[in-house]
J.: 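Before anything else, here's the structure in question.
Side chains included, hydrogens not; waters and symmetry mates left out as well; all remaining heavy atoms used. Counting begins at 1 with the first residue of the sequence. Whatever order the structure lists ligands and atoms in, that order sets their numbers, starting from 1.
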Amino acid sequence: MSKHDGHDHGSAGHDPDDRGHGSDRPHRHGAPYYDPDYERPPDHAHEPPENPRYPDSRIYGTYASKKPPRYVPHPIEDTCFKPRKEDYKPPVTCDGGPNDDLCVRKDHRALTANEQSRFLNAFSQINAMNALGPLVDIHSNAVHQMHGNPRFLPWHRIYLLRMEELLMAVDPTVCIPYWKSSEEQAFPSWLIGFTPTVNLMNGPHTVTRNIGASLLPNAAAVAAAMANASFNAFASALEGVHNSGHVWVGGSMGSIPTAPADPVFWMHHAEIDRIWAQWQTANPGQNPPLAGAAAIMDPWSETETETRDILALGFTYV
Ligand SMILES: [Cu+2]
């Protein structure tokens with residue numbers, strides 16, 4: 001039985017089979033989430049391949065095509081969402097308060113029905129424009145070394161930001177909600193029927209789930225991760241908690257190349273990022289030990305230093 005079967009996922013043990021060499025070690029295509037190993041620092045020097053499917057350098061970084069295909073806006077298919085001009089008034093936070101310029105990421109349980117449909121509608125629209133697939137594909141390229149080492153948290157912080165920017169291009173009131181799975185111990189019910197088909201580089205992928213075949217980390221597991229005083233100890237524990245969340249949802253979420261096709265991926269990672277932000281406040285000056293090329297969040301240009309301050313990046317958690 002493999003350690004990747006789920007039940008023992010996140011164990012601290014090291015499987016020799018999992019410690020191969022170079023690009024073989026991290027998530028091979030289709031590979032499940034594996035235990036983080038922060039003792040092996042990223043060996044990071046590469047140029048990601050150019051791929052003409054990627055149209056926009058702000059979102060797709062070095063994957064962007066020099067001759068971008070034009071976005072083809074797609075009519076809204078969701079009949080539950082009927083945009084009217086008055087829907088596009090500024091978000092309610094524009095009241096002169098401190099959050100005016102920030103995307104305010106909320107607990108998904110606090111979303112109104114309208115905010116839920118806006119999130120799903122924006123998700124469907126960027127998918128229909130074939131702007132989502134290329135973003136998902138970036139996650140399948142292990143060359144970015146975004147799992148199992150200190151790049152995990154800063155890299156996914158930028159990844160979420162790019163997704164949020166894409167969503168906001170469709171609907172500027174949308175921010176990525178977070179899914180506090182350790183507290184809820186349940187899948188967000190309003191996402192159950194939402195299983196989009198996303199065009200990935202290997203062809204269309206329809207989201208599947210196999211919810212609850214393993215254990216979801218509880219609040220104590222998150223508290224135990226939070227109790228670590230050094231970045232690597234904290235981040236490694238939190239990545240393990242995160243892995244178990246992927247395995248618990250199962251299906252697309254259980255596999256690195258397909259996980260971001262499920263909207264719950266973004267909400268799961270928003271929660272992981274929120275926990276990191278909390279830990280940062282409690283542990284000032286504790287930053288990822290990254291230098292040189294490993295400190296650049298390729299395919300984007302942000303450096304590790306630029307990932308530290310979420311307010312400076314333009315979002316906050318409430
Ligand atoms: Cu990831």
J.: Near the Cu ion (ligand 1), is there an N/O/S atom from His269 that is less than 2.8 Å away?
T.: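 No.
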J.: Indicate yes or no: does Asp262 engage Arg209 in a salt bridge with an N to O separation below 4.0 Å.
T.: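 A salt bridge is present here (some side-chain N lies under 4.0 Å from a carboxylate O).
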J.: His139: which N/O/S atom is nearest the Cu ion (ligand 1)?
T.: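 Going by distance to the Cu ion (ligand 1), the closest N, O or S atom in His139 is NE2.
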J.: Can you give me the NE2-the Cu ion (ligand 1)-NE2 angle for His147 and His156, to 10°?
T.: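 Answer comes to 110°, rounded to 10°.
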J.: For residues Phe123 and Phe194, establish whether the separation of their ring centroids is below 6.0 Å.
T.: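 For Phe123 and Phe194, the ring centres are under 6.0 Å apart.
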J.: What I want to find out is whether Glu302 reaches Arg162 closely enough, with some N-O distance under 4.0 Å, to be called a salt bridge.
T.: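 Yes, Glu302 and Arg162 are salt-bridged.
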J.: What is the minimum heavy-atom distance between Leu166 and Tyr60, and which atoms define it?
T.: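 Scanning both residues completely, I find the closest heavy atoms to be CD2-OH, 3.9 Å.
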